[in-house]
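Below is one structure, written out as structure tokens, with a few remarks after it.
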Amino acid sequence: MIALSCIGWLGVAQAEVTLTEAWVRASNPGQSVGAAYLTLRSAQAVTLVYVETERAGAVEMHSMTMQNGVMKMRSLEELAIPANKPVTLAPGGLHLMLFELASPFKVGEQVKFRLCFKDQQGKIAEQFITMPVKTAP
């Protein structure tokens, strides 16, 4: 449903989100899930509402928190990007979870993503980014 709304509003809004420090974690053969990380910055408050890549059957935004010594991960419907405050997706915290991988991510590859952002007026804009595949730091 969100993907359709992203298509319906393309070009109407210009989110102008700066995407930096982006990378995809290398995965092992047979592994069906992966993760991607980046930092998002915007001069105006926006919300990340949808992410996709041809390399995964589905992409979800996730948070990870430590509760009573147990790491808990949960899916997020959307991710708020406050005006002029960077939001960092990194190992052990917020991240993009990639499901149904057709093939493993190999170091040196490049993976293209489409991100859809909603502004405060409800307009949707898309941005594309190509992320390098790396090993975990």
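Quantities reported herein were computed from a predicted structural model and do not represent experimental measurements.
- Arg55 has its side chain within reach of Ser103: a pair of non-hydrogen atoms, C-beta onward, lies under 4.5 Å apart.
- Legend: ring-ring contact (aromatic ring centres under 6.0 Å, His included) pairs involving residues 20-49, not counting sequence neighbours, sorted by first then second residue: Trp23-Tyr37.
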So Val33 and Leu98, side chain to side chain contact (heavy atoms under 4.5 Å, CB included) or not? Walk me through it. CA-CA 5 Å; Val33 297; Leu98 314 171; over 6 Å; no
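- Linking ILVMFWY side-chain heavy atoms closer than 4.5 Å, directly or via other members, places Val107 and Leu38 in two distinct hydrophobic clusters.
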Can you list the steps and then say if Val24 with Phe113 is a side chain to side chain contact (heavy atoms under 4.5 Å, CB included)? CA-CA 11 Å; Val24 176; Phe113 287 81; 3.7 Å; yes
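- For the pair Thr130 (side chain) and Lys112 (backbone), a donor-acceptor distance under 3.5 Å is absent.
- Of the N and O atoms on the side chains of Thr47 and Glu78, not one donor lies less than 3.5 Å from an acceptor on the other residue.
- Among all heavy-atom pairs drawn from Leu94 and Ser63, the shortest one is CD2-CB, 3.7 Å.
- For Ala83 against Ala43, the heavy-atom pair with the smallest separation is CB-O, 3.4 Å.
- Here Leu40 contributes atom CG and Thr18 contributes atom OG1; the two are 9.0 Å apart, rounded to the nearest 0.5 Å.
- No donor-acceptor distance shorter than 3.5 angstrom exists from the side chain of Asn28 to the backbone of Gln31, with no hydrogens or angles considered.
- Among Val46, Val51, Val87, the single residue meeting the side chain to side chain contact (heavy atoms under 4.5 Å, CB included) criterion with Leu79 is Val87.
- Inspection of the Arg114 and Thr53 side chains reveals no N or O donor paired with an N or O acceptor under 3.5 Å.
- Exactly one of Ile124, Leu48, Val49 qualifies for a side chain to side chain contact (heavy atoms under 4.5 Å, CB included) with Phe117. That residue is Leu48.
- For the pair Pro104 and Glu109, the tightest heavy-atom approach, listed with the atom from each and the gap, is O-OE1, 3.8 Å.
- Met131 approaches Ala36 most closely through the heavy-atom pair SD-CB, 4.0 Å.
- Counting heavy atoms of neighbouring residues, nucleotides and ligands inside a 6.0 Å radius, atom CD of Gln110 exceeds 12 of them.
- For the side chain to side chain contact (heavy atoms under 4.5 Å, CB included) with His95, the lone residue among Met61, Met64, Glu60 that qualifies is Met64.
- When the shell of 6.0 Å around CD of Gln120 is examined, it contains 12 or fewer heavy atoms from other residues, nucleotides or ligands.
- Using a 4.5 Å cut-off on side-chain heavy atoms (C-beta onward), Glu16 and Gln44 make no contact.
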Show the numbers, then the answer: is there a side chain to side chain contact (heavy atoms under 4.5 Å, CB included) between Ile129 and Leu115? CA-CA 8 Å; Ile129 185 170; Leu115 291 79; 3.7 Å; yes
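- Taking all atoms of both residues into account, the shortest heavy-atom contact from Val133 to Ala26 is CG1-CA, 3.6 Å.
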